[in-house]
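Naming convention: chains lettered A, B, ... in sequence-line order (proteins, then strands); numbering from 1 in each chain. This one's a predicted model, so the numbers in the text were calculated from it and none came from an experiment.
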There are 2 protein chains.
Amino acid sequence: MKWQQRKSWETRCKLLNAALTCLERDGFHSFRLDRVASEAGVSKGALTHHFSNKDDLLVHAIEKVLDEFVDALARGVEEFHDDHLTLDGFLDLMWQHMSGQLYMVTLEIALKARHEPGFKDLLTPQVRHFHSRIDDIWQQLFPHLSPERASHLMNLSMNLLRGMGTQSVFREDSEYFNELLRAWKAMLRQQVAS
Amino acid sequence: MKWQQRKSWETRCKLLNAALTCLERDGFHSFRLDRVASEAGVSKGALTHHFSNKDDLLVHAIEKVLDEFVDALARGVEEFHDDHLTLDGFLDLMWQHMSGQLYMVTLEIALKARHEPGFKDLLTPQVRHFHSRIDDIWQQLFPHLSPERASHLMNLSMNLLRGMGTQSVFREDSEYFNELLRAWKAMLRQQVAS
DNA sequence: AAAAACAAACCGTCAAGTCGGTTTTTATTG
DNA sequence: CAATAAAAACCGACTTGACGGTTTGTTTTT
């Protein structure tokens with residue numbers, strides 16, 4: 001029980017990464033299990049061995065990407081407290097992730113969940129956990145504000161970034177998004193100061 | 001050339017509405033032409049007679065919904081100038097539309113466009129036209145601000161609402177969204193005043 | 001008569017899931 | 001320490017069902 005365990009974990013990991021790659025590249029509508037398998041360099045049989053079906057694979061893939069995002073933010077807040085990162089820098093970190101693979105993948109999944117109650121139920125616990133972790137992070141970011149106010153500012157920021165992520169589908173213009181971000185940072189500083 | 005023209009226009013319209021209904025209810029992944037036909041109360045043959053294929057139907061449907069949205073905002077800005085609508089009320093109007101059929105449909109379409117360059121090319125002119133009309137509206141809303149500043153505030157607002165629309169998939173809690181909106185209105189007033 | 005509006009059967013394609021089989025690793029036993 | 005049984009990892013052909021587009025036929029209008 002050693003070589004097998006490790007090998008198993010490795011192919012599982014390869015499959016999850018391949019699933020995320022395919023989901024971002026092809027979208028859920030054109031998400032094909034055999035393409036995931038070939039992207040991971042294993043057979044379709046191996047995939048079905050590790051994940052009982054499409055939904056199972058997707059749920060675990062989304063779990064992975066959300067965890068990695070929150071981990072990155074948690075490291076960010078540490079740097080913030082050590083004065084190695086400004087508030088602006090923290091927002092840059094958020095945008096860096098939200099404009100990459102993460103957001104598009106969660107968007108694809110969210111739309112799927114919207115139309116499949118069973119799948120949504122599978123995801124809801126993950127989503128709740130994700131939000132509570134992010135909420136914690138913002139409470140740490142602004143310990144001098146009331147928890148409600150910190151949550152508000154966090155949710156406004158997250159939703160702004162979500163919207164920007166969505167708009168980036170049709171408008172590929174990083175300078176424009178940087179400007180928006182700059183404007184938001186200024187408003188946020190104002191709110192935090194008052 | 002009269003009964004025919006009218007009948008034709010009627011079934012076209014029924015088909016477009018049915019397409020929007022199906023797209024919001026089922027999502028693009030489960031968007032089926034025969035379901036659109038039965039939703040519209042016509043046969044599949046009628047559908048293929050009016051629209052050459054799926055993409056053609058979708059492009060015209062999205063055109064319709066975007067036009068209706070901007071028309072509503074245009075009426076809103078008139079009421080604003082006649083002092084029948086406050087800035088808060090105008091944002092409520094925007095959120096009312098963005099939290100309804102409009103945004104979910106555009107989201108489905110945006111994700112499709114993201115993975116199908118040909119389809120994206122079909123939509124890009126529509127999207128540009130949409131944005132220029134919305135931009136005009138915000139310029140009319142804030143004639144005393146610089147065009148750049150008005151555009152900034154518009155894009156921040158739109159993207160915030162987009163993000164809220166996205167989040168509403170997992171969080172059905174209208175009071176929460178009203179609170180966020182209230183906070184944003186306050187910040188926006190501050191920005192407009194200064 | 002001709003063209004438009006509509007109906008519905010048909011077919012080719014394509015992917016998810018199933019399943020019997022193969023190879024490799026781990027546990028057991030004399 | 002083999003020998004071997006058992007279990008896990010993996011492979012890929014096949015079935016099955018579904019849907020988009022085509023095509024042929026029918027009715028109604030001009």
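- Between A/Q5 atom CD and D/dA7 atom P there is a gap of 17 Å when expressed in whole angstrom units.
- The CZ-P distance, from A/R35 to C/dA15, rounds to 7 Å in whole Å.
- Applying the 4.0 Å criterion to OP1 and OP2 of C/dC6, one finds that B/H50 has a side-chain N or O inside that range.
- In this model, the phosphate group of C/dC6 is approached by a side-chain N or O of B/T11 to a distance below 4.0 Å at OP1 or OP2.
- In this structure, A/H29 contributes its side chain and B/L111 its backbone to no donor-acceptor pair below 3.5 Å.
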Exercise. Take A/K54 and A/E116 through the salt bridge (charged side-chain N to carboxylate O under 4.0 Å, His left out) test and state the conclusion after the steps.
Key: CA-CA 13 Å; A/K54 215 180 185 179; A/E116 298 176 27; over 6 Å; no
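- Panel note: side chain A/S168, backbone A/G165; a donor-acceptor pair is recorded below 3.5 Å.
- The residues B/D135 and B/R128 are annotated as not salt-bridged, no charged nitrogen and carboxylate oxygen being separated by less than 4.0 angstrom.
- Of the possible donor and acceptor atoms, none in the side chain of A/R162 sits under 3.5 Å from a partner among the backbone N and O of A/L107.
- For the pair A/S43 and D/dC10, the criterion of a side-chain N or O lying under 4.0 Å from OP1 or OP2 is not met.
- Regarding contacts with the backbone of C/dC6, a side-chain N or O of B/K7 is found under 4.0 angstrom from either OP1 or OP2.
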Quiz item: Does the salt bridge (charged side-chain N to carboxylate O under 4.0 Å, His left out) test come out yes or no for A/K64 and A/E68, once each step is laid out?
Solution: CA-CA 6 Å; A/K64 184 169 189 278; A/E68 286 173 0; 3.1 Å; yes
Practice problem: Could you provide the dot-bracket string of DNA chain D, using ( ) for intrastrand pairs, [ ] for crossing pairs and | for bases paired to another strand, with Watson-Crick or G-U pairs below 3.5 Å? | Solution: ||||||||||||||||||||||||||||||
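- For the pair A/R32 and C/dA16, the criterion of a side-chain N or O lying under 4.0 Å from OP1 or OP2 is met.
- Donor-acceptor pairing under 3.5 Å is recorded for the side chains of B/E108 and A/H115.
- A perpendicular orientation is assigned to the rings of A/F90 and A/W138, their planes being inclined by more than 60° (bins at 30° and 60°).
- Distance A/L33 CG to C/dG17 P: 6 Å, rounded to the nearest Å.
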Quiz item: How far apart are the C-alpha atoms of A/H60 and A/D56, what are their side-chain angles, what is the distance that settles it, and do they pass the side-chain hydrogen bond (donor to acceptor under 3.5 Å, both in side chains) test?
Solution: CA-CA 6 Å; A/H60 285 95; A/D56 188 35; 3.2 Å; yes
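- One interatomic measurement links the two molecules: NZ of B/K112 to P of D/dG20, which rounds to 11 Å at whole-angstrom precision.
- D/dT29 atom C1' lies 15 Å from atom CZ of B/R6, rounded to whole Å.
- Distance, A/D26 CG to C/dA15 C1': 14 Å, rounded to whole Å.
- Within the 4.0 angstrom heavy-atom criterion, no nucleotide atom of any strand lies near B/F51.
- Side-chain N/O atoms of A/H49 include one lying less than 4.0 angstrom from OP1 or OP2 on D/dA9.
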Give me the distances for all protein-to-nucleotides 22-27 of chain D N/O pairs that come in under 3.5 Å?
none

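- Rounded to a whole Å, the NE2 atom of B/H29 is 11 Å from the C1' atom of C/dA16.
- If you measure from atom CG of A/D34 to atom P of C/dA16, you get 6 Å, rounded to the nearest angstrom.
- Note on A/E24 versus B/R114: salt bridge recorded, some NZ/NE/NH1/NH2 to OD/OE distance being below 4.0 Å.
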